[in-house]
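A quick write-up on the structure given underneath.
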Amino acid sequence: MEVLQWNCLAPAVQVKLLFLLDIGDMTSHDIDHQDDLTSAPTKARDAFLSVLQDRQHRFVCVTDILKARVKHLQEYPFISLAAGTLANDLSVRKDDEDLLTLVHVCRHLGVECSHLEEKTKNVQKKLSLTEEEIEGNLLIYAENLRMLRLCDALTDRQVMQLFGLTVENNVLNEFVDTHLKVSADKLEQTKGLKEALFFYLIRTLELNNKLNRIYTSKLKALLEKLQSQTESDAERRVLSEAISSMDDYPAGERPAGLCVVFCVTRGRKGAEAEIEKVKHAFGKSLGYTVQIEENPDKEKLEECLRLLRKPKYKYYDSIVYWFMSHGSEETMELADGYRIERKAIIHEFSILDHFRKKPKIFFMTQCQGNSTIRLRRKRSAMLVTMDSHFKGNVSYSEVTEDHLNITAVYYQMDRLVASATLPRQYAFRHPDGGSMYVDIVCRLMEQHRGHNITQVLERVTNTMHQILFSCKNKFDGEAKQACCYESTLQKTFRVP
């Protein structure tokens, strides 16, 4: 029984299919069988190279590898254990993941895939996939989708020039076949040859640790050089968009990411409204999978940490946490009264392997003390002077290639922690509508989709600090609230 109609698959589609099945950056995921996983993208790269080296530019090697992989996924024995158990999670094999990736990739490329329905449903159940996760593009790597979009946007001639610039690059040319003879005419005449050349280049850079989902500077530099050699305004605009996208975290389509809400409603009037606002903004508007944990205790936090280690979460491209409770500068209070350190929470939910090199956004809404920003009379401004200024030429340090490493990434990187208030300050909450901070964050996130999250948070800060608060049982007069954030994001995270 044929899973794919091979005679109907154009060479370009086969090349895209083979590229999308794997990831070239082996450091992005917590992988047990490293050698097995490295071999698949290596074989794909070599298959693309064989097409380019063949004088007739035949795609036999690409087809053969695809047929062998599809046959294996059709025939491998499926192991099923009790759903929801640790043993079941541990029984998830790479074959299971590859099967679902194949199905999702075929659907994305508009390729009909047959005779895998029953096994696919079993694997979906084994991975505890929701309907939303099944219907979306969850199991296609976002970095691959970004490169697919780039390939589709470039012309045959541009891909040829891009490879030529790589050959001229003293750092990168040692990794590619500099003796390739692929003419521009052949590239235009042979369908699929552009894709083979582009994805050969991308896989080669990835496998030699010169490109991954975070560190794209070398590819960006090639695109910038290509743009400088381009005369067409339309082509320059396409390249400008591609270059700009290299500064962003890669993102798939749906679901946009995972949003986990820990909300203590006991003793916090308006907390239910906070939950509804986050569900609407992040779930309905931004396309996140939203999980609500109401009145969490320490045991619930530990359970959630365990669940976030499930295999399916490696495919999510970002994670957003909301922690809504009473608290102080150093602790937050759980539903059972237990006080847990803020630093400990942020540490434990940052260190998850599935979210390495991916944005981790924390929203902490609790108070950080019992002080207020009291309003006083306007006073005259203080006369200030500049600390210093440079005269003459400035010399900057140059970092050589030998001192660069893109494989080791500290777990606290790619994280943003946003707090409703400054240290030692109150965070105000309306008895009906809940936290004003939650309200404004959700509203502005919806209004500024596609914007840099730090720009949105600047708007949040600006909006929050215009509001006058009063709380007669805590203090006299009026006060303001100032929110803040700290970030180790390495790229631009755009609100989905």
Side-chain angles (χ1 to χ4, degrees), residues 130-132 255-305 307-308 319-328 331-340 342 345-346 349 361-370 417-421 425-449 456-457 459-460 463-464 467-474 479 481 483 485 495-496:
T130 64
E131 286 299 319
E132 182 183 23
L258 180 65
C259 178
V260 186
V261 182
F262 299 98
C263 183
V264 177
T265 58
R266 296 171 191 165
R268 296 183 65 249
K269 292 182 180 179
E272 290 84 358
E274 297 172 357
I275 293 175
E276 292 306 313
K277 290 172 185 176
V278 173
K279 284 169 64 177
H280 183 275
F282 283 81
K284 292 184 179 179
S285 294
L286 305 185
Y288 276 80
T289 298
V290 179
Q291 296 180 7
I292 306 296
E293 301 297 342
E294 191 170 336
N295 291 316
D297 53 19
K298 185 181 178 183
E299 185 177 340
K300 173 57 69 174
L301 290 182
E302 292 172 349
E303 179 187 349
C304 287
L305 280 170
L307 292 175
L308 288 173
I319 187 165
V320 175
Y321 300 107
W322 283 90
F323 290 95
M324 306 168 175
S325 69
H326 291 301
S328 66
T331 64
M332 63 172 283
E333 185 176 318
L334 301 179
D336 56 359
Y338 181 82
R339 286 187 170 270
I340 188 167
R342 282 167 56 102
I345 289 177
I346 294 171
F349 283 92
I361 314 299
F362 291 79
F363 289 105
M364 316 295 286
T365 71
Q366 61 270 17
C367 296
Q368 293 203 63
N370 53 13
V417 180
S419 299
T421 188
Q425 301 288 328
Y426 276 123
F428 298 110
R429 174 173 37 86
H430 193 278
D432 296 323
S435 165
M436 283 301 299
Y437 178 73
V438 174
D439 182 281
I440 292 170
V441 169
C442 291
R443 189 191 322 160
L444 292 182
M445 286 283 194
E446 287 189 84
Q447 292 175 3
H448 296 91
R449 295 174 62 183
V456 179
L457 290 178
R459 292 174 183 264
V460 171
T463 305
M464 279 291 299
I467 302 172
L468 294 176
F469 295 96
S470 64
C471 188
K472 293 181 179 179
N473 64 334
K474 294 290 184 181
Q481 181 175 331
C483 50
Y485 70 88
V495 179

Exam field: side chain K298 to backbone I340, donor-acceptor pair closer than 3.5 Å
no
Do L444 and Q447 have side chains that approach each other closer than 4.5 Å (heavy atoms only, starting at C-beta)?
yes
Could you tell me whether the side chain of R429 and the main chain of T365 form a donor-acceptor pair under 3.5 Å?
no
So which atom in A256 and which in P496 form the shortest heavy-atom distance, rounded to 0.1 Å?
CB-CB, 3.5 Å
For a side chain to side chain contact (heavy atoms under 4.5 Å, CB included) check, start with the C-alpha distance between C304 and Q291, then their side-chain angles and the critical distance, and finish with the verdict.
CA-CA 10 Å; C304 287; Q291 296 180 7; over 6 Å; no
Heavy-atom closest contact (R342 atom, S328 atom, distance)
CD-O, 3.5 Å
Any carboxylate oxygen within less than 4.0 angstrom of a Lys/Arg side-chain nitrogen, looking at E276 and K279?
yes
Please answer whether the main-chain N or O of Y426 pairs with a side-chain N or O of T421 as donor and acceptor at a distance below 3.5 Å.
yes
Can you confirm whether the side chains of T463 and R443 place a donor and an acceptor under 3.5 Å from each other?
no
Under 3.5 Å, side chain of H448 to main-chain N/O of R459, donor-acceptor pair present?
no
If the test is side-chain contact (heavy atoms from CB on, under 4.5 Å), which one of Y485, W322, F349 qualifies with F362?
F349
Side chain to side chain contact (heavy atoms under 4.5 Å, CB included) for V417 and M364? Distances and angles first, verdict last.
CA-CA 7 Å; V417 180; M364 316 295 286; 4.0 Å; yes
Under a 3.5 Å distance rule, please check whether D297 uses its side chain to pair with a backbone N or O of L334 as donor and acceptor.
no
Pairwise distance CZ(R339) to CD(E333) - rounded to 0.5 angstrom:
4.5 Å
Going through the checks in order, is the side chain to side chain contact (heavy atoms under 4.5 Å, CB included) test met by L457 and F363?
CA-CA 11 Å; L457 290 178; F363 289 105; 3.9 Å; yes
Please assess L258 against L308 for the test side chain to side chain contact (heavy atoms under 4.5 Å, CB included), listing each intermediate value before the final yes or no.
CA-CA 10 Å; L258 180 65; L308 288 173; 3.4 Å; yes
Between E274 and S435, is there a donor-acceptor pair closer than 3.5 Å when you use the side chain of the first and the backbone of the second?
yes
